[in-house]
Amino acid sequence: MTPHLSPQSSRLVLWLKRLVMGGFAFLIVIALAGAVFQRTASLATERRFPVPGRLVDVGGHRLHINTRGKQGPSVVVEDGLMGASFYWDSIGDKIAAFTQVTTYDRAGLGWSDPGPLPRTSQQIVSELHTLLQKAQVKPPYILVGYSMGGQHVRLYASKYPDEIAGLVLVDAANFDLVPKGKVNPPSPILFDLLYWTAPLGIARLYVPFVLKDPTNNVEVLKFRREMQATTKALRGAYHEIKGNSNWREVSSEIKNLGDKPVVVISHRIDEGDTLGEAGKHNRSELERQKALLDISRNSRSVVATSKLHTFPVYEPDPIINAIRELVETLRKDAPTH
């Protein structure tokens, strides 16, 4: 039998039902408003910031590529995880003053279209190879890999060694020393949440807090925040995180580069930064950077003065100087006709 409710209890139950339904209706309205705003803002960003270069079809989707400078050898920049070509604009302009430089956006990032999944390093390298061929950027290449981009350029050099003149690894990721029993890291819940909420505009509330510009250039910062807050860019970042979960397989495919010139540039870690439990990460990072010197018999180390992983923004000169030295050496050793 259904228990009999007093008039007061019935009114309370009815009020609670209305409150719950009203709450759901409010959330739906907010979500729809956020979706409309995000869609409008994303389209406005695409109109406001036209492609600085060109879009090249690499097999069903287009990648953005921007090549500057005329005389070779060609420098090709691979940015870090979730990065985009516009982070290298100022450095690229300085490199273009003495040699050809190419920056590009991986699928789903910057001005590039989303690409096939998963976004593994193998897929990224294959698309870059096709892109350079179709864009007629001629080898040999000096590949510059920052952070996770270091893994991509090492794999590229392993797959296409005849196209490579040298590598510049900038605070490059190195999984060679990760214990074999270590399980591949899952995608963080934060990024799963990012994927599902990307079309609702929620990310626009926290992007200003996580994306800062130490150069205090207001216009550049506004541009970067808008580009990173589009639905495409947010979901592109998610797919890169997911695609990187096969890093152990990628590491097994990377080969020694023999006598290819390699410059390993890293941020500064002082002896005091490695002490105690708090310095455990720094000790591991030192080991990983030193191990990168073993990938070639013709390698050298450069240490920046900055202690930050983002030192290319603060201190680009070590990168530019390393590239310039490689370029000058290659030109000097090039056969004359």
Side-chain angles (χ1 to χ4, degrees), residues 75-95 101 103 121 142-155 157 166-178 185 209-217 220-221 224 228 237 240-241 244 247 250-251 254 257 261-296 298-326:
V75 175
V76 179
V77 178
E78 185 74 78
D79 199 16
L81 191 67
M82 304 180 292
S85 60
F86 49 76
Y87 286 108
W88 290 81
D89 279 347
S90 61
I91 300 178
D93 288 340
K94 293 176 181 178
I95 297 171
V101 59
T103 54
S121 189
I142 295 174
L143 299 182
V144 180
Y146 169 63
S147 193
M148 189 57 67
Q151 173 178 264
H152 301 327
V153 299
R154 289 181 63 195
L155 182 61
L167 263 60
V168 177
L169 302 176
V170 183
D171 243 16
N174 180 13
F175 298 115
D176 298 352
L177 301 182
V178 177
F209 296 99
V210 300
L211 187 58
K212 302 181 184 298
D213 181 15
T215 63
N216 295 318
N217 188 318
V220 168
L221 182 57
R224 289 177 176 175
Q228 293 291 79
E240 286 223 328
I241 287 287
N244 185 55
W247 51 263
V250 176
S251 186
I254 292 176
L257 300 180
V262 174
V263 184
V264 177
I265 308 177
S266 56
H267 68 275
R268 180 166 61 91
I269 300 176
D270 294 334
E271 185 176 347
D273 300 328
T274 64
L275 300 178
E277 186 64 25
K280 186 175 181 180
H281 170 77
N282 286 334
R283 291 196 299 273
S284 297
E285 184 59 26
L286 270 177
E287 292 177 2
R288 288 191 288 267
Q289 293 300 310
K290 289 179 180 178
L292 287 172
L293 294 171
D294 295 332
I295 69 176
S296 169
N298 184 13
S299 63
R300 65 185 181 93
S301 173
V302 174
V303 179
T305 59
S306 172
K307 291 187 176 184
L308 300 175
H309 178 59
T310 53
F311 76 85
V313 177
Y314 301 87
E315 191 183 351
D317 287 349
I319 303 169
I320 297 169
N321 293 338
I323 293 170
R324 188 193 304 273
E325 290 177 16
L326 272 178

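This one's a predicted model, so the numbers in the text were calculated from it and none came from an experiment.
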Residue set satisfying ring-ring contact (aromatic ring centres under 6.0 Å, His included) with His309, at least two apart, ordered chain then number -> Tyr146

Would you check if Val101 and Val77 make a side-chain contact, meaning some heavy-atom pair closer than 4.5 Å? yes

Counting C-beta onward and ignoring hydrogens, is there a side-chain heavy-atom pair between Asp273 and Glu271 closer than 4.5 Å? no

Measure the CG-CD distance between Leu81 and Gln151 for me, rounded to the nearest 0.5 Å. 9.5 Å

Answer with yes or no whether the side chains of His267 and Ser306 bring together a donor and an acceptor at under 3.5 Å. no

Do you know the tightest heavy-atom contact between Ala172 and Gly150? CB-CA, 3.8 Å

Sorted by chain and residue number, the side-chain contact (heavy atoms from CB on, under 4.5 Å) partners of Arg283 (sequence neighbours excluded) come out as Thr274, Lys280

Rounded to the nearest 0.5 Å, what's the gap from NZ on Lys94 to CD1 on Ile323? Could you check? 12.0 Å

Might you work through the side chain to side chain contact (heavy atoms under 4.5 Å, CB included) test for Ser284 and Asn282, ending with a clear yes or no? CA-CA 5 Å; Ser284 297; Asn282 286 334; over 6 Å; no

So how far is it from Ser121 OG to Met148 CE, rounded to the nearest 0.5 Å? 8.5 Å

With respect to Leu326, which candidate in Val144, Val75, Val168, Leu167 satisfies the side-chain contact (heavy atoms from CB on, under 4.5 Å) definition? Val168

For Asp79 and Ala84 the tightest heavy-atom approach is OD2-N, 3.1 Å

Check: Asn244 side chain, Ile241 main-chain N or O, donor-acceptor pair, under 3.5 Å: no

If you look at every heavy atom in Leu293 and Ser301, which pair is closest and at what distance? CD2-N, 3.8 Å

Specify the closest pair of heavy atoms between Ala157 and Leu257, including all atoms of both residues, with the distance to one decimal. CB-CD2, 3.7 Å

Would the distance check show the side chain of Gln289 and the main-chain N or O of Val264 forming a donor-acceptor pair, the cut-off being under 3.5 Å? no

Should Glu287 and Lys290 be marked as a salt bridge (Lys or Arg N to Asp or Glu O under 4.0 Å) after you check the CA-CA gap, both sets of side-chain angles, and the distance that decides it? CA-CA 5 Å; Glu287 292 177 2; Lys290 289 179 180 178; over 6 Å; no

Taking the side chain as every heavy atom from C-beta outward, state whether Gln228 and Phe86 have any atom pair closer than 4.5 Å. yes

Can you name the closest pair of heavy atoms from Thr305 and Arg268 and give their distance? O-NE, 2.8 Å

For Val262 against Ser296, the heavy-atom pair lying closest together: CG2-CB, 3.7 Å

Do Val170 and Pro312 come close enough that some side-chain heavy atom pair is under 4.5 Å? yes

With a 4.5 Å heavy-atom cut-off, do Asp171 and Ser147 have their side chains touching? no

Just verifying a value: how many Å separate Leu292 CG and Leu169 CG, rounded to the nearest 0.5 Å? 6.0 Å

Taking side-chain contact (heavy atoms from CB on, under 4.5 Å) as the test, write out the residues that go with Asp176, two or more places apart. Arg154, Asn174, Ser251

As an exercise, state the distance from CD1 of Ile295 to CD1 of Ile254, rounded to the nearest 0.5 Å. 8.5 Å

Got Ile142 and Val76 here, is their nearest side-chain heavy-atom distance under 4.5 Å? no

Do Asp93 and Trp88 have side-chain heavy atoms sitting under 4.5 Å apart? no

